[in-house]
Amino acid sequence: MKRPMFDKAALAALTCAAAAACSPAATPRPEAPRAQITAGGWTRPPMIRSVQRVANGLVFAGQAEPGARVVLRGESGPAYAAVADDRGRFLIRMTVPAGDLLLRPETQVGQDAAAAPERLLIIAGGRGPVAILRAGGATRRLDRAPALGAVDSDGRMRLVSGWAASGGAPIDLQAGGEAGRVSPDASGRWNLALNPSAGPDEIRVAGRTFTWPGEGAGDAALWVERAGAGWRVVWSGPAGGRQTTWLPDAE
């Protein structure tokens with residue numbers, strides 16, 4: 001068996017030559033948090049939770065890995081960035097953009113980047129809807145929205161979604177001869193799958209009737225147009241699939 005290099009007395013002597021000379025070591029200052037990338041990717045992709053309109057600009061608040069650099073980047077034009085604090089909170093400020101934008105949120109460490117599956121949509125420089133789009137999933141409105149926040153369609157299925165008071169009563173919905181009831185989750189979000197429809201047809205949510213204008217035909221990477229009482233957006237997801245998203249007007 002190996003013996004320790006120093007017994008307790010010798011170790012004490014090396015640590016402190018005399019009792020009077022002993023003093024507590026200075027407490028090291030904690031390092032600032034630093035985001036790290038793992039073999040399986042980011043443990044928490046950046047998530048944008050809200051938008052605030054301010055004079056001459058927009059401010060986006062969200063959550064990411066503590067210390068991570070979060071970037072909003074489009075196919076062209078400037079990128080917008082901020083660093084998350086030690087609780088993972090970040091604020092990204094931008095001047096009022098011109099026209100319509102589709103931005104991808106991503107987290108950066110050095111030259112490595114991990115993109116979130118969502119896309120941030122800004123219509124008419126923020127004067128129109130601002131929303132989080134997700135390929136194959138329900139759109140999440142960040143702006144003020146009516147009972148029906150969005151209709152997403154890939155031609156095979158429609159996904160209707162919205163927001164209600166957390167813990168609120170179930171919501172009645174009727175569309176194309178179908179009727180259903182859905183309960184908001186803990187955050188007040190709800191969604192329900194419907195059969196596809198070329199439109200236009202009526203969707204009745206919580207006593208209000210909305211007219212789905214049907215699929216869009218735009219072939220640009222991002223196609224935005226007025227359609228009925230709302231905005232129709234045709235866009236491509238990360239895998240290249242085309243999706244139509246209709247965002248009804250708040251009033």
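Side chains are part of it too, since the values below use all heavy atoms of this structure and drop only hydrogens, waters and symmetry mates.
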Would a 4.5 Å heavy-atom cut-off, applied to side chains only, mark [X] and [Y] as touching?
X	Y	answer
R73	Q108	yes
P46	E118	no
L72	L120	yes
L121	P129	no
R69	E106	no
F60	V130	yes

Review point. Judged by modelled atom types alone, do R242 and S236 share a side-chain donor-acceptor pair under 3.5 Å?
Key: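 Result is yes, a qualifying pair exists.
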[X] [atom1] to [Y] [atom2] distance, which is reported to the nearest 0.5 Å:
X	Y	atom1	atom2	result
I48	I132	CD1	CD1	4.5 Å
T244	D152	OG1	CG	9.0 Å
W163	W190	CH2	CH2	13.0 Å

Check your understanding: Where is the tightest heavy-atom contact between R134 and W235, given as atom of each residue plus distance?
Key ->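 Heavy atoms only, the tightest pair is C-CH2, 3.8 Å.
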Exercise for review: Please report the closest heavy-atom contact between W212 and A198, naming both atoms and the distance.
Suggested key: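 Taking W212 first and A198 second, the nearest heavy atoms are NE1-C, 4.5 Å.
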**Study point:** Crowding at CZ, R93 (>12 non-hydrogen neighbours, <6.0 Å)
**Key:** no
Exercise for review: Identify, with sequence neighbours excluded, every residue that meets side chain to side chain donor-acceptor pair (under 3.5 Å) alongside T209.
Suggested key: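 Applying side chain to side chain donor-acceptor pair (under 3.5 Å) to T209 gives R204.
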Review point. Residues in side chain to side chain donor-acceptor pair (under 3.5 Å) with E225, at least two apart?
Key: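 Here the qualifying residues are W223, R232.
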Review point. Does the pair R127 and D143 meet the rule for a salt bridge (charged side-chain N to carboxylate O under 4.0 Å, His left out), with working shown?
Key: CA-CA 10 Å; R127 297 183 300 277; D143 63 315; over 6 Å; no
Check your understanding: Do the charged groups of D249 and R144 touch, with an N to O distance under 4.0 Å?
Key -> no
Exercise for review: Before accepting this row, confirm whether a basic side-chain N of the pair R89/D85 lies closer than 4.0 Å to the acidic partner's carboxylate O.
Suggested key: yes
Point to revise | R226 to W231 six-membered ring, cation-pi geometry met (6.0 Å, 45°) | key: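 Satisfied, under 6.0 Å and within 45°.
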